[in-house]
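Below, chain A is the first sequence line, B the second, and so on; all start at residue 1.
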There are 2 protein chains.
Amino acid sequence: MVAMQSTETRYTKPVLVATNKLMGDESGLEPLRNHALFNTLSDSDLQNLILQSRRLRLGHHQLLYRQDMPAHHFFFVMSGRLRLYRLDSSGIDRTLDSIAPGDCFAEVMIYADPARYACYAEALKSSEVLMIPVKAYQDMLNKNPEYAPAALRHYAQRAVSRFHDLEIMTVQNARDRLIRYLIDLLPNGAAEGGEVELPLPKCLVASRLAMQPETFSRILADLKANGLVRVNRSKLFISDPKRLIEISQ
Amino acid sequence: MVAMQSTETRYTKPVLVATNKLMGDESGLEPLRNHALFNTLSDSDLQNLILQSRRLRLGHHQLLYRQDMPAHHFFFVMSGRLRLYRLDSSGIDRTLDSIAPGDCFAEVMIYADPARYACYAEALKSSEVLMIPVKAYQDMLNKNPEYAPAALRHYAQRAVSRFHDLEIMTVQNARDRLIRYLIDLLPNGAAEGGEVELPLPKCLVASRLAMQPETFSRILADLKANGLVRVNRSKLFISDPKRLIEISQ
DNA sequence: CTAACAAATTGACCTAAATCAATAGTTTTC
DNA sequence: GAAAACTATTGATTTAGGTCAATTTGTTAG
């Protein structure tokens, strides 16, 4: 599916309308504590941030924000899964990232200038996100400079990981890009094999890797035929990642 | 040229050996003041940082650091031009970025963990860089939390720009990737035409855009034939960027 | 449970881009 | 200033992967 129907027209629900205002209710927000942007905060600062945030429920395929929209919030994923993508002038949908529970996204908007979302964000399935006002986090950081190092570490890490994503995309053939993508999904890198779950439907992994779904399917079928991966729906078992790397040359 | 000769063997000069120790001599270091990571520093803090840094002269094609090397320094380019690239197991050289005077690079190493360079860095021509100890900047930031916001803004900006680079690379055909790359080189985006200078030799722009030099050459020849760009060595004149964008679909 | 829809796979075909090869320019170097 | 060494261009050929179309499989809704 090259030119998906534009997301603009697929959904009618309004974007960025909060459903639940949080009244200091922290239930289900423990995962925040495990995120680099929040784990150094004092209880009261975290509480205060949460009080200024809203919990958002998103349905399957629901759009959260649009590219170029003014960005007043960033997001923490509590459950479900989302993807970031861009639409170009010809309506082609290009997937750039997928976001899992425990991750933040659009958090660069805290310091971006101008603060406009660089892409679309939509739920891949029914999801719950915390919608945190950029200004609330900024204010907190201004009042508590001791929180800055954690944020700096997070941003540096983000930049490194985008750099790494870019590196994969300079690989010139589709098969090798896919192999590198799969290796990166393995928890211990190429050290040992294991099962990985594709973070996106196959047609969107294809989009992320700049190839057609048919190409993705054929490459995977070929790897399967050569005993390099075992495929079960979106779960792939990679027994020998080193062998996979060897053939990708 | 797909498989360049490995940089490992091309040069014999030692890596990361400073030639000039700075003795508080700030001559030629004014450009530091224009960089987001330094322009909020007090004179004395900047001076102190410079005292702990070394000025490095690099010859044409000289290697500055290697991928995976422990990273104790980051760099500010005073003159010349450098490129960042990675080598994969089969020795293919993939260009990821080019750095101009006034830019910093490897500055994410200030907060990376583990702090190892993510790529190679080499001078594209005779260049001069300031080699700043990561620890010196860290210490300064710890002592002066008021400097953190500028660093945060810089890192956020860096993450956004890497994201944008990634976006270009999800474009599936070579011609459109090249067109988008050229548009991004224009100072005012697509707003108006102008002359742009390729920041890398053509064969390395090709590498950066995941295509072969021959493909790059042919696409450019075609754009030229259609009156979309005028080419003069590494300088390109784009009269009508909007028309260029239109055909890239 | 079945209809309707969406996602994935597979085949046939074709085109964009890689590869191989030769030539022509450009810089360095001596 | 000529030789050597890159760098870029152009042509011929091949191939990876895109496109179009049909089928299968899986998912959602009634």
Side-chain angles (χ1 to χ4, degrees), chain A residues 1-5 7 10-11 59-62 83 90 92-95 122 124-126 170-179 198 200-225 229 231-236 247-249, chain B residues 1-5 7 10-11 59-62 83 90 92-95 122-126 169-179 198 200-225 229 231-236 247-249:
Chain A
M1 185 193 306
V2 175
M4 290 185 123
Q5 188 182 359
T7 311
R10 240 193 313 180
Y11 311 112
H60 180 61
H61 273 178
Q62 192 178 345
R83 76 168 174 126
S90 51
I92 292 173
D93 167 324
R94 285 172 301 121
T95 298
E122 72 160 21
L124 287 169
K125 50 183 169 181
S126 170
T170 62
V171 172
Q172 284 191 34
N173 70 86
R175 162 188 280 248
D176 292 355
R177 282 200 303 280
L178 175 51
I179 288 175
L198 296 176
L200 295 162
K202 291 175 181 176
C203 66
L204 296 180
V205 174
S207 155
R208 173 61 238 287
L209 296 175
M211 68 182 76
Q212 295 300 320
E214 294 93 328
T215 304
F216 178 94
S217 185
R218 281 186 251 264
I219 292 170
L220 208 58
D222 182 67
L223 293 178
K224 198 161 57 174
V229 296
V231 183
N232 179 6
R233 308 206 178 226
S234 70
K235 287 187 172 50
L236 310 186
I247 69 151
S248 77
Q249 279 169 24
Chain B
M1 185 192 307
V2 175
M4 290 186 123
Q5 188 183 358
T7 311
R10 243 192 310 180
Y11 311 114
H60 180 60
H61 273 179
Q62 192 177 345
R83 74 168 175 127
S90 51
I92 292 173
D93 167 323
R94 285 173 299 123
T95 297
E122 71 160 21
L124 287 170
K125 50 183 171 183
S126 169
M169 297 310 288
T170 61
V171 172
Q172 283 190 35
N173 69 86
R175 161 188 280 248
D176 293 355
R177 282 200 303 280
L178 174 51
I179 288 176
L198 295 176
L200 295 162
K202 290 174 181 176
C203 68
L204 296 181
V205 174
S207 156
R208 173 61 241 283
L209 296 174
M211 67 182 75
Q212 294 300 320
E214 295 93 328
T215 303
F216 178 93
S217 184
R218 280 186 251 263
I219 293 171
L220 207 58
D222 183 67
L223 293 178
K224 199 161 55 173
V229 296
V231 183
N232 180 3
R233 310 211 176 222
S234 69
K235 288 186 172 49
L236 310 186
I247 70 151
S248 77
Q249 278 171 26

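- Partners of B:T170 under the side chain to side chain donor-acceptor pair (under 3.5 Å) rule, at least two apart in sequence or in another chain, are A:R94.
- Of the candidate nucleotides C:dT9, D:dT9, C:dA16, D:dT9 has the atom nearest to the side chain of B:S217.
- Nearest heavy atom pair, residue B:H60 against residue B:K125, reads ND1-CA, 3.6 Å.
- We find that CZ of A:R175 is positioned 17 Å from C1' of D:dG18, with the value rounded to whole Å.
- Note on the helix from C:dC1-D:dG30 to C:dC30-D:dG1: terminal axis deviation equals 60°, with five pairs used at each end and the result rounded to 10°.
- Interface remark: the B:Q212 side chain does not form any donor-acceptor pair with the C:dC20 base, using a distance-only criterion of under 3.5 Å.
- Distance from the side chain of B:A174 is smallest to C:dA17 among C:dT9, C:dA17, C:dT27.
- The CZ atom of B:R175 lies 4.5 Å from the CG atom of B:D222; values are rounded to the nearest 0.5 Å.
- Residues passing the side-chain contact (heavy atoms from CB on, under 4.5 Å) test with B:A174, sequence neighbours excluded: B:R177, B:M211, B:T215, B:I219.
- For the pair A:E214 CD and D:dT19 P, the computed distance is 8 Å after rounding to whole Å.
- Atom pair A:L209:CG and D:dG18:C1' shows a separation of 16 Å (rounding to whole Å applied).
- Of all the heavy atoms in A:L124 and A:L204, the pair that sits closest is CD2-CD1, 3.8 Å.
- Interface remark: the A:R218 side chain does form a donor-acceptor pair with the C:dG11 base, using a distance-only criterion of under 3.5 Å.
- Contact annotation: A:K202 reaches the phosphate of C:dT9 (side-chain N/O to OP1 or OP2, under 4.0 Å).
- For B:T215, a side-chain nitrogen or oxygen approaches OP1 or OP2 of C:dA18 to under 4.0 Å.
- When all heavy atoms of B:D93 and B:S207 are compared, the pair lying nearest together is O-OG, 3.5 Å.
- Atom CG of B:L124 and atom P of C:dT27 are 15 Å apart (whole Å).
- With distances taken from any side-chain atom of B:R233 to the nucleotides D:dA8, C:dT26, D:dG18, the minimum falls on C:dT26.
- Atom CE in B:M211 sits about 7 Å away from atom P in C:dA18, given to the nearest Å.
- Rounded to an integer number of Å, the gap from CD1 of B:I92 to C1' of C:dT19 is 13 Å.
- Between B:I219 atom CD1 and C:dA17 atom C1' there is a gap of 8 Å when expressed in whole angstrom units.
- Rounded to whole Å, the distance from CG on B:D222 to P on D:dG11 is 13 Å.
- Atom-to-atom distance recorded for B:S248:OG and B:D176:CG is 4.5 Å, nearest 0.5 angstrom.
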